[in-house]
Amino acid sequence: MQTQITLKHPKRLISLFPIGKKYLLVAISFICLMALFYSSFVNQYRTIITGSNAELKPTENKPELTQAATLINSNSPSTTTVSTVVSDAQAFYAMLSSTQQTTLQKTYTTTLAKKWSNLPCGANCRNGIQLGTNLTSVQYAAAMLVIKDALSANANDGYDEYYQMNLAEAYLHANGGGNGYDSTLRWMAFLNAPTTTGPWMLQFGGHHYAGNICFNNGHVIGATPFFMGLEPKTFTYNSTSYDPLGDERNAFAILFASLSTSELASAHLSTSFNDCTLVPGESNGGSGTFPSTPVGISCGTLTTTQQNLALEVIRHYVNDMDSATATAVMSIYTNEIANTYIAYTGNGTSGNPASFLVNQGHYVRIDGPSAWIEFSCQGGIVIQGQIHYHTVWRDKLHDYGVNLTGAAIDTLSTTGITSINGNNSITIYPNPTIENISFKLENEIIRATVIIVNSVTGQIVKNPELFSGQNFNTDISTLSSGTYIVKVQIKGKTVYVGKFTKN
């Protein structure tokens, strides 16, 4: 924000006041000097509150800007350690009054963890402190820094997308939405105190945004549920055009347009959808229950190019997180792509991306062993006569960080909160058995392989099975009677071992 003063035809202005030329020149010089001082002060104040050249929090004398969120435009890298998130969260907490601190930070419960929504329902359906007019500019900048730390710093991902969606709320406020829609209607909550040595959860969002990120022992252990929405689907604000969900929409459209006519027929759903199935949020009647049977077409039947297009869609969601988490999670989803299904509703046609996600009721889904992503086209609520978007990313194995006890998802070098050293024994049941065995591990693990070998010969007697999570069961009815060993391996290293008898 630069302050400029332009005087047209200063000589003509002076000629109008021949007696006061000297004094008028002095006054003009003083005004220019004060303008330069004001500009310098503003830039210095920006740096004090953000460490960058970010815009100041909009002021009350500009109502159309008051609704716009502050973008912290620093040159920080895209990878932020959990310790940075924690230290900045603690700094924000320390800036608040005791009453504000009590509002911001609660003890974790599963009920509070599931208190989120995409609806414009204020504090009634979500936790925490409002990040609006009740915070000072310094407090507001500190809160934004916590969110930026937890998200990607890449353009049109993560924090940048969050900022653009806040501007969309400002747009709604200024274009018929009134006080029910406003970028100051954003909330943040800490469930448990932020720490690098224990579990806690960061929640932030409001209408059309919900972030739920879980941490434990300095690791990210959950990045979902993660919801984004947008009305209108594109907009212009302060002479700048925005399309924050364009990447996600276009990637989906390109994926489905790559399908042949027969593949589209297999992927098409007869069911109609008014919204994503796992919103509007669990505090507003949404469900965290995933369908037990995938529908649509399996990516395992598609070409490598088409599978990569599906992974490109997924990447636009996963890349909203810090780069370490995104890299590790994408590795898991990539390994699962052959067992991942895609499905849609609408009348899109093969080879024509522009025919997908263009009308109310159009809907697309990705359903994998771990990944769940939906994108739905809604009718206009505030801006009539056009569609707007809802989209959600869930992880079947790591939602809510499995109640803050799950495995780290920001690294592939650990199988849980701490690395498992040596062979940990597992209890298998029923034992002895005839048809099936089951077990539950001490820690949740990622990308493991379950191997069953004959205890006498050491031969593998059943095809290895991929496994992520804590609970596992398998059919062993075809095995001969005898004693067998179960090995749970990660990257070829046995981390769990158990023994059972087949009758």
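Using a 4.5 Å heavy-atom threshold, the side chains of E374 and Y363 count as touching. The closest side-chain heavy-atom distance from I387 to C377 is below 4.5 Å. The side-chain heavy atoms of I147 and L151, taken from C-beta on, include a pair separated by under 4.5 Å.
Shortest non-hydrogen contact noted between S283 and C125 is OG-O, 2.7 Å. The heavy-atom pair separating N134 from Q100 by the smallest distance is O-NE2, 3.6 Å. Across all non-hydrogen atoms, the minimal contact from T345 to H268 is CA-NE2, 4.2 Å. Nearest heavy-atom pair across D410 and G218 is OD2-O, 4.3 Å. Here the shortest heavy-atom pairing between I381 and H388 reads CG1-CE1, 3.7 Å. Scanning both residues, M321 and A326, for their nearest heavy atoms gives O-CB, 4.4 Å.
In terms of modelled atom types and a separation under 3.5 Å, the side chain of E336 and the main chain of Y333 share no donor-acceptor contact. Although no hydrogens or angles enter the test, the distance criterion places no donor-acceptor pair under 3.5 Å between the side chain of D322 and the main chain of D149. Side-chain N or O atoms of R126 include none that pairs as donor or acceptor with a backbone N or O of Q203 at under 3.5 Å. Checking side-chain atoms of S87 against main-chain N and O of S83 turns up a donor-acceptor pair under 3.5 Å. Listed for the Q90 side chain is a donor-acceptor partner under 3.5 Å among the backbone atoms of P194. Checked by atom type and distance alone, the side chain of N192 pairs as donor or acceptor with a backbone atom of Y108 at under 3.5 Å. In this structure a side-chain-to-backbone donor-acceptor pair under 3.5 Å is present from H173 to Y181. A donor-acceptor pair under 3.5 Å links the side-chain atoms of E231 to the main chain of I383, judged by distance alone.
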Intermediate values then yes/no, side chain to side chain donor-acceptor pair (under 3.5 Å), Q378 and S376 = CA-CA 6 Å; Q378 309 289 297; S376 173; 2.7 Å; yes
Step by step, work out the side chain to side chain contact (heavy atoms under 4.5 Å, CB included) result for E161 and M165.
-> CA-CA 6 Å; E161 228 168 18; M165 289 175 188; 4.0 Å; yes
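Ring to ring, Y344 and F375 are not that close: their centroids are 6.0 angstrom or more apart. Residues F252 and H316 place their aromatic rings such that the two centres sit no closer than 6.0 Å.
N238 and T240 share no side-chain donor-acceptor pair at under 3.5 Å.
Using a 4.0 Å cut-off between a side-chain N of Lys or Arg and a carboxylate O of Asp or Glu, R315 and D157 do not qualify as a salt bridge. A salt bridge links R249 with D243: the closest approach of a Lys/Arg side-chain nitrogen to an acidic carboxylate oxygen falls below 4.0 angstrom. A salt bridge links E282 with R394: the distance from a Lys NZ or Arg NE/NH1/NH2 to an Asp or Glu carboxylate oxygen falls below 4.0 Å.
Screening Y162, Y209, W116 for a ring pair (Phe, Tyr, Trp, His ring centres under 6.0 Å) involving F226 leaves a single residue, Y209. The residue from Y171, Y163, F235 that alone fulfils the ring pair (Phe, Tyr, Trp, His ring centres under 6.0 Å) condition with Y242 is F235. None of I297, V295, I342, L259 except one satisfies the side chain to side chain contact (heavy atoms under 4.5 Å, CB included) rule with S266; the exception is I297.
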